[in-house]
Visitor: 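This is the structure I have questions about; it appears just below.
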Amino acid sequence: MPGYDWAMSNTAPALTPRAWIDILLLGLIWGGSFLAVKLALGELPVMTLVAHRVGWACLALWVWVWFRGLALPRGSAIWLALLGMGVLNNVIPFTLIAWGQQFIETGLTSIFNAATAVFGVLVAALVFQDERLTPSRALGVAIAFSGVVVAIGIGALANFDLRSAGQIATLGGALSYACAAAWGRAKLGQLAPEVAAAGMLTGASLILVPLAFLIDGAPSMPSRPVTYLSVAFVSIIATALAYLLYYRVLRVAGSGNAMLVTLIIPPISILAGALVLGERLAPQAWAGFALIALGLAVLDGRLMAKFQDARRRDTS
């Protein structure tokens, strides 16, 4: 999933039925992507899988750009910015999250991935003057981060192992997504979103394809059909198509409503992991997700606004 385009306003357009359908569909796609990655990792090394993901998605998006007749990026400065975006939004998070998924459940991965929005608030506050950390946002961040700590568990930090490393790697991917959102706002605001997505995947492919050959060697042909289906889903559906769908959600629903996707993804991922892989999450993971969801609701602002309106009505 891309870094969220955080415009931290407490107002958001009313959600139309079409917007709800798009948000639910996007949550379903990205929720299923964690299972697809897990299944593909059964036969493919991490770097090879991630190279497949960005490479095929890159080709699909350039076909879309050509079909739409969109203007191509011009000049070395914009291509360097797209390369940076590819590193922050694809190379680092895709690799860290896929590596982490080798050691933790798909549902837990999606819960930690929800921290992207929280990291996005902090990074935006550090980088942009108009995104200051207000008391209500600070409260939302504190609640959500307490959820991350609960989901990880103090014992995991005290007895550090590969599972702990997988959890931290996933959080590192979420932080990279947040940095990508700030980078995109600062460097790529003038590009059509579809072109920016195709360009950053091009930059990511130029890095990941050679790295996959260097680290994993020449790719071998998988033997299981589920591996091919998983790679196709995670690259064409969960990356190329999902980017197009995500940007449409931003246009029609605004960034505040787009955050609802963050709350839809974990339940879908948890259910998929349980049905297909027989995974079961510990109660602390559910408690952590509940706190993260509450923190995101506070960050959204509308919950606090309704609470304040109710208090004013009670005192009037």
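Counting begins at 1 with the first residue of the sequence.
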Visitor: Hey, which of Leu245, Asp22, Leu26 is the one that makes side chain to side chain contact (heavy atoms under 4.5 Å, CB included) with Val261?
Guide: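 The single option meeting the side chain to side chain contact (heavy atoms under 4.5 Å, CB included) with Val261 is Leu26.
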Visitor: Give a yes or no on whether Trp66 atom CH2 has more than 12 heavy-atom contacts from other residues, nucleotides or ligands under 6.0 Å away.
Guide: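 No, not enclosed.
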Visitor: Locate the shortest heavy-atom distance separating Leu39 from Ser230; write the atom from each residue and the value.
Guide: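 For Leu39 versus Ser230, the nearest heavy atoms are CB-OG, 3.4 Å.
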Visitor: Which pair of non-hydrogen atoms, one from Arg163 and one from Glu105, has the smallest distance, and what is that distance?
Guide: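 In terms of heavy atoms, the two residues are closest at NH2-OE1, 3.0 Å.
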Visitor: Rounded to the nearest 0.5 Å, what's the gap from OG on Ser176 to CG on Leu88? Could you check?
Guide: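 Here the interatomic distance stands at 5.0 Å.
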Visitor: Might you point out which heavy atoms bring Leu108 and Ala285 nearest each other, and give the distance in Å?
Guide: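 In this case the closest contact between Leu108 and Ala285 is CD1-CB, 4.0 Å.
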Visitor: So that I can tick it off, tell me whether Glu194 and Arg248 are bridged by a salt bridge, with the cut-off set at under 4.0 angstrom between side-chain N and carboxylate O.
Guide: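 Result for this pair is no, no salt bridge flagged.
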Visitor: Enter the distance from Leu41:CG to Thr227:OG1 here, rounded to the nearest 0.5 Å.
Guide: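 Separation between the atoms: 9.5 Å.
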Visitor: Side-chain contact test, heavy atoms from C-beta onward, threshold under 4.5 Å: evaluate it for Leu82 versus Leu191 and give yes or no.
Guide: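 In short, these two side chains touch, coming nearer than 4.5 Å.
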Visitor: From Leu208 CG over to Asn90 CG, what is the distance, rounded to the nearest 0.5 angstrom?
Guide: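 Rounded to the nearest 0.5 Å, the CG-CG separation comes to 8.0 Å.
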Visitor: In Å, rounded to the nearest 0.5 Å, how long is the span from CD1 of Ile97 to CG of Asn113?
Guide: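 Spacing of CD1 (Ile97) from CG (Asn113) equals 4.5 Å.
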Visitor: Side chains of Ser223 and Glu43: any donor to acceptor distance under 3.5 Å?
Guide: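 Result is yes, a qualifying pair exists.
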Visitor: Do you know which two heavy atoms are closest between Pro219 and Phe213, and how far apart they sit?
Guide: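 Nearest pair, atom of Pro219 first, then Phe213: CD-CE2, 3.6 Å.
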Visitor: Does one side chain, of Ser235 or Arg53, offer a donor that lies under 3.5 Å from an acceptor on the other?
Guide: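 On atom types as modelled, these side chains do not qualify, holding no pair under 3.5 Å.
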Visitor: Start with the C-alpha distance between Thr262 and Thr116, add both sets of side-chain angles, then the distance that settles side chain to side chain contact (heavy atoms under 4.5 Å, CB included), and finish with yes or no.
Guide: CA-CA 9 Å; Thr262 309; Thr116 296; over 6 Å; no
Visitor: Going through the distances and angles, do Ile207 and Leu83 end up as a side chain to side chain contact (heavy atoms under 4.5 Å, CB included)?
Guide: CA-CA 9 Å; Ile207 295 171; Leu83 178 63; 3.8 Å; yes
Visitor: From the options Leu201, Ile29, Val54, select the one residue that forms a side chain to side chain contact (heavy atoms under 4.5 Å, CB included) with Thr239.
Guide: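 Filter result, single survivor: Leu201.
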Visitor: Does Leu296 form a side chain to side chain contact (heavy atoms under 4.5 Å, CB included) with Leu263? I'd like the steps, not just the answer.
Guide: CA-CA 9 Å; Leu296 293 177; Leu263 303 178; 3.6 Å; yes
Visitor: Between Trp79 and Leu188, is there shared hydrophobic-cluster membership here, with clusters defined by ILVMFWY side-chain heavy atoms closer than 4.5 Å?
Guide: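 Yes, Trp79 connects to Leu188 through the hydrophobic network.
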Visitor: Please lay out, stage by stage, how Thr106 and Gln101 fare under the test side-chain hydrogen bond (donor to acceptor under 3.5 Å, both in side chains).
Guide: CA-CA 7 Å; Thr106 55; Gln101 274 199 258; 5.5 Å; no
Visitor: Heavy-atom distance under 4.5 Å between the side chains of Pro267 and Phe289, does that happen here?
Guide: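 SC-SC contact between Pro267 and Phe289 confirmed.
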Visitor: Is there a side-chain contact between Thr202 and Leu61 (heavy atoms, below 4.5 Å)?
Guide: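 No, too far: nothing below the 4.5 Å cut-off.
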Visitor: Quick check: do Phe112 and Ile152 have side-chain heavy atoms less than 4.5 Å from each other?
Guide: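 Yes. Closest side-chain heavy atoms under 4.5 Å.
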Visitor: Would you please indicate if the ring centroids of Phe34 and Trp30 are separated by under 6.0 Å?
Guide: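 Ring-ring flag for Phe34/Trp30: false, centres at least 6.0 Å apart.
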Visitor: So, do Trp62 and Leu72 sit near enough that their side-chain heavy atoms are less than 4.5 Å apart?
Guide: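 Trp62 reaches Leu72 side chain to side chain.
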Visitor: Honestly curious: do Val209 and Ile92 fall in one hydrophobic cluster under the side-chain, below-4.5 Å linking rule?
Guide: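 Different clusters.
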Visitor: Do Leu133 and Leu122 have side chains that get closer than 4.5 Å, going by heavy atoms?
Guide: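 Heavy-atom side-chain distance check passes, below 4.5 Å.
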Visitor: Taking the side chain as every heavy atom from C-beta outward, state whether Ile111 and Ile270 have any atom pair closer than 4.5 Å.
Guide: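 Of all side-chain heavy-atom pairs linking Ile270 with Ile111, at least one is under 4.5 Å.
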Visitor: Would you give the length of the straight line joining atom OG1 of Thr48 to atom CG of Leu211, rounded to the nearest 0.5 angstrom?
Guide: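 One gets 10.5 Å once the value is rounded to the nearest 0.5 Å.
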Visitor: Taking the six-membered ring where the residue is Trp, are the ring centres of Phe119 and Phe145 under 6.0 Å apart?
Guide: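 Yes.
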Visitor: Going by heavy atoms in the side chains, are Ile143 and Leu299 under 4.5 Å from each other?
Guide: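 The answer is no, as the side chains (C-beta and beyond) never meet within the 4.5 Å cut-off.
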Visitor: Answer yes or no: is there a donor N or O on one side and an acceptor on the other, between the side chain of Thr170 and the main chain of Thr109, under 3.5 Å?
Guide: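 Checking the backbone N and O of Thr109 against the side chain of Thr170, no donor-acceptor pair under 3.5 Å is found.
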Visitor: Find the distance between CG (Leu96) and CG (Leu175) and round it off to the nearest 0.5 Å.
Guide: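 The CG atom of Leu96 sits 9.5 Å away from the CG atom of Leu175.
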Visitor: Do the side chain of Lys38 and the main chain of Ile104 share a donor and acceptor less than 3.5 angstrom apart?
Guide: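 At least one qualifying donor-acceptor pair exists.
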Visitor: Between Ser146 and Leu291, which heavy-atom pair has the shortest distance, and what is it?
Guide: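 Answer, listing the atom of Ser146 first, then Leu291: OG-CD1, 3.9 Å.
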Visitor: If two hydrophobic side chains count as joined below 4.5 Å and joins carry through other members, does Leu271 share a cluster with Leu25?
Guide: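 No, separate clusters.
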Visitor: So if you build clusters from Ile, Leu, Val, Met, Phe, Trp, Tyr with side-chain heavy-atom gaps below 4.5 Å, do Val50 and Leu229 land together?
Guide: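 Different clusters: Val50 never reaches Leu229 through Ile, Leu, Val, Met, Phe, Trp or Tyr contacts under 4.5 Å.
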Visitor: Can you tell me which residue pairs pass the side-chain hydrogen bond (donor to acceptor under 3.5 Å, both in side chains) test with a partner in residues 117-127, sequence neighbours excluded?
Guide: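 Of all non-adjacent pairs touching residues 117-127, none passes side-chain hydrogen bond (donor to acceptor under 3.5 Å, both in side chains).
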Visitor: Indicate the atoms forming the closest heavy-atom contact of Pro73 with Ile78, along with that distance.
Guide: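 The answer is CB-CG2, 3.8 Å.
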Visitor: Do Leu70 and Leu59 sit in the same hydrophobic cluster, where Ile, Leu, Val, Met, Phe, Trp and Tyr count as joined when their side-chain heavy atoms come under 4.5 Å apart?
Guide: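 The answer is yes; both residues are in one hydrophobic cluster.
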Visitor: Do the ring planes of His52 and Trp56 sit parallel (below 30°), tilted (30 to 60°) or perpendicular (above 60°)?
Guide: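 It falls in the parallel class, under 30°.
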Visitor: Check this for me: Arg18, atom CZ, are more than 12 non-hydrogen atoms of other residues, nucleotides or ligands nearer than 6.0 Å?
Guide: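 At most 12 heavy atoms, drawn from other residues, nucleotides or ligands, come within 6.0 Å of this atom.
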